[in-house]
Amino acid sequence: MAYKKLYGTSYKIGKIGFDKIRINHFDIPNRVLRCPETAFPLPKELIQSSYGGSGGKTIHITRKDVTIFEAFFICKYGRRNNNNHEETFFYIELFAHESSNHSENVENMCMRDVHIRLKQALSILRKTYHVDIRYNSADLCVASGEINCTYQLSHAYDEYYMIRRMLMYEQAGSKLHEIRCKESGGFSPPQSERTIGQPVQTLMYDKGTEEEEKNGLLFADVTLARTELKFSRGKQLRKYMENARYIPQEIMPLRAVTDNLIQTYFTRRHQEIFEAAEKQQRIYLGTEDYANNPEITTVANIVRKAFLEFGYQHDNTVCSLILERIRAQENEKLVPYLLDVSDLRQILVTMPWIISDDRERLMEEFKRCCARSPDLKAAFMDRKVLYEEFREKHLFPKKHIVTAK
């Protein structure tokens with residue numbers, strides 16, 4: 001991995017791995033409970049108080065815990081309340097990139113990288129901070145983490161806006177947020193979505209623009225996007241794990257996490273997201289049985305009401321009006337109700353008063369309306385292609401190299 005701001009550096013994308021992983025279940029000395037600050041002979045010149053500025057120092061101490069900040073990891077230990085019982089804790093959080101203001105974050109960590117970094121972190125803790133912590137490798141567990149994949153898209157990122165909304169909206173319900181400032185820094189993607197309040201949070205954003213604005217890295221003629229899955233409990237990885245029954249339900253051993261499990265977790269989680277989005281798409285379209293309610297706004301009901309209002313005819317005026325009404329509904333909800341104009345055929349066959357020849361004439365007129373209007377074409381003729389590409393990138397990611405200019 002590259003950790004310096006080097007133009008012309010090549011990066012491997014399409015790889016699924018950890019951007020961040022928190023590891024716990026180390027052997028914690030009893031003296032940590034009594035006084036975290038004196039549990040280890042911390043170098044005084046590196047300590048900052050909880051009330052002062054950092055001054056470039058890397059150890060932060062409060063009354064109950066100690067945090068050590070390093071380039072690619074954080075170590076935190078101390079005591080905390082758990083159901084009115086005070087207990088000790090110790091964890092190390094590893095990052096795929098350096099925590100500096102100008103460090104690329106394009107690639108992620110495979111499990112080999114995680115184990116190497118863990119050894120490096122423990123060595124730095126011992127040599128630099130005199131924190132000599134013992135552990136049994138069989139006992140180490142994953143407490144939380146972020147799994148991501150960076151991939152290349154064929155169009156500008158903002159063209160996928162409605163596709164991303166389609167994927168994120170229904171799984172999040174009211175908890176879908178557009179983020180204006182990413183947590184890790186000042187980058188403000190204009191069109192990025194995340195789910196909150198979910199067992200696994202999902203974050204999608206324009207990775208190429210972030211790297212350009214934060215680090216000056218320009219991937220010319222390439223749209224880089226990233227999707228992250230953030231899980232707050234290691235045991236959430238168990239859902240897609242073979243032989244999970246042999247592991248206690250409340251933990252996720254680090255030794256049981258493999259690159260194959262990470263990839264399975266990422267792709268199957270997204271498969272669930274795409275399946276849910278496609279089911280909701282059928283509801284919006286009006287082809288699901290329980291969606292055929294005249295009180296519910298669906299594409300099918302918009303078509304029926306237009307025919308009742310203006311009479312059944314297949315001229316340009318009525319077809320254009322129907323498409324504009326569908327687009328108005330989409331703009332109100334900010335989710336696609338109709339991915340492709342060809343999907344209207346599924347609705348027309350449910351209307352027995354329309355003879356087959358007229359269905360074909362209607363479909364041709366709908367397509368002509370889209371071809372004549374750039375807005376309607378972008379909405380109802382090109383979007384399904386974008387959706388299929390987005391789906392393939394998440395379910396069948398392919399590793400390849402991109403180079404910063």
Side-chain angles (χ1 to χ4, degrees), residues 1-21 71-72 94-117 120 145-160 163-164 167 182 184-185 187 189 191-192 202-230 257-271 274 385-405:
M1 292 187 210
Y3 292 105
K4 294 182 180 179
K5 185 179 177 184
L6 296 175
Y7 299 101
T9 301
S10 294
Y11 301 90
K12 181 182 287 186
I13 65 170
K15 180 180 72 171
I16 297 170
F18 279 106
D19 186 42
K20 181 191 300 184
I21 182 171
F72 64 91
L94 304 171
F95 305 101
H97 65 291
E98 289 185 342
S99 57
S100 66
N101 292 329
H102 299 287
S103 174
E104 304 100 317
N105 180 16
V106 180
E107 297 184 343
N108 49 39
M109 296 183 289
C110 65
M111 287 311 298
R112 180 175 180 272
D113 298 324
V114 169
H115 290 292
I116 290 173
R117 290 188 173 286
Q120 292 173 338
E146 296 179 12
I147 296 174
N148 70 43
C149 184
T150 301
Y151 46 92
Q152 182 177 338
L153 296 172
S154 59
H155 295 75
Y157 188 74
D158 58 3
E159 293 184 34
Y160 299 84
I163 301 302
R164 300 195 314 271
L167 295 175
K182 197 169 182 291
S184 61
F187 170 65
Q191 292 182 343
S192 299
T202 307
L203 173 65
M204 296 179 177
Y205 62 97
D206 184 343
K207 187 62 182 172
T209 300
E210 181 192 50
E211 288 300 321
E212 182 179 356
E213 293 188 3
K214 290 179 68 174
N215 300 316
L217 288 179
L218 178 62
F219 297 89
D221 303 320
V222 173
T223 299
L224 289 188
R226 171 171 284 187
T227 297
E228 297 177 359
L229 298 180
K230 302 183 179 185
V257 182
T258 64
D259 291 335
N260 184 61
L261 175 60
I262 296 170
Q263 180 164 338
T264 300
Y265 177 82
F266 186 91
T267 54
R268 288 193 183 175
R269 169 65 180 158
H270 279 93
Q271 187 173 19
F274 280 97
V385 175
L386 300 180
Y387 172 78
E388 293 297 338
E389 180 192 10
F390 217 67
R391 184 178 184 278
E392 182 179 1
K393 296 294 184 182
H394 286 85
L395 300 187
F396 309 101
K398 296 179 180 178
K399 299 176 185 177
H400 65 283
I401 303 296
V402 293
T403 303
K405 303 299 183 181

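Heavy atoms only: backbone and side chains are in, while hydrogens, waters and symmetry mates are out.
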In plain terms, say whether Glu210 and Lys207 are close enough for a salt bridge, that is, a side-chain N and a carboxylate O under 4.0 Å apart. yes
Aromatic ring centroids of Tyr157 and Tyr205 under 6.0 Å? no
Test side-chain hydrogen bond (donor to acceptor under 3.5 Å, both in side chains) applied to Asn108 and Asp113, Asn148, Asp19, the passing residue: Asn148
Shortest non-hydrogen contact between [X] and [Y], atoms and distance:
X	Y	value
Pro397	Leu395	CD-C, 3.4 Å
Met109	Ile21	CE-CG2, 4.1 Å
His97	Glu104	CB-O, 3.2 Å
Thr258	Met111	C-CG, 3.8 Å
Phe274	Tyr387	CD2-OH, 3.4 Å

[atom1]/[X] to [atom2]/[Y] distance, rounded to the nearest 0.5 angstrom?
X	Y	atom1	atom2	answer
Cys149	Gln263	SG	CD	8.5 Å
Leu167	Ile163	CG	CD1	7.0 Å
Phe396	Tyr151	CZ	OH	15.0 Å
Ile262	Phe266	CD1	CZ	11.5 Å
Thr227	Ile147	OG1	CD1	13.0 Å

Taking the side chain as C-beta and beyond, is there a heavy-atom pair between [X] and [Y] under 4.5 Å?
X	Y	answer
Phe18	Val257	yes
Ser10	Thr403	yes
Glu228	Thr202	no
Met204	Tyr160	no

When the side chains of residues 216-226 are checked against the rest of the protein, which donor-acceptor pairs come out under 3.5 Å, sequence neighbours left out?
{"from": "Thr223", "atom 1": "OG1", "to": "His155", "atom 2": "O", "distance (Å)": "3.0"}
{"from": "Arg226", "atom 1": "NE", "to": "Thr150", "atom 2": "OG1", "distance (Å)": "2.9"}
{"from": "Arg226", "atom 1": "NH2", "to": "Asn105", "atom 2": "O", "distance (Å)": "3.1"}
{"from": "Arg226", "atom 1": "NH2", "to": "Val106", "atom 2": "O", "distance (Å)": "2.9"}
{"from": "Arg226", "atom 1": "NH2", "to": "Thr150", "atom 2": "OG1", "distance (Å)": "3.0"}

Sorted by chain and residue number, the side-chain contact (heavy atoms from CB on, under 4.5 Å) partners of Lys399 (sequence neighbours excluded) come out as Lys12, Lys15
Lys393: salt bridge (Lys or Arg N to Asp or Glu O under 4.0 Å) partners, not counting sequence neighbours: none
Ring-plane angle category for His394 and His270, please: parallel below 30°, perpendicular beyond 60°, tilted otherwise. tilted
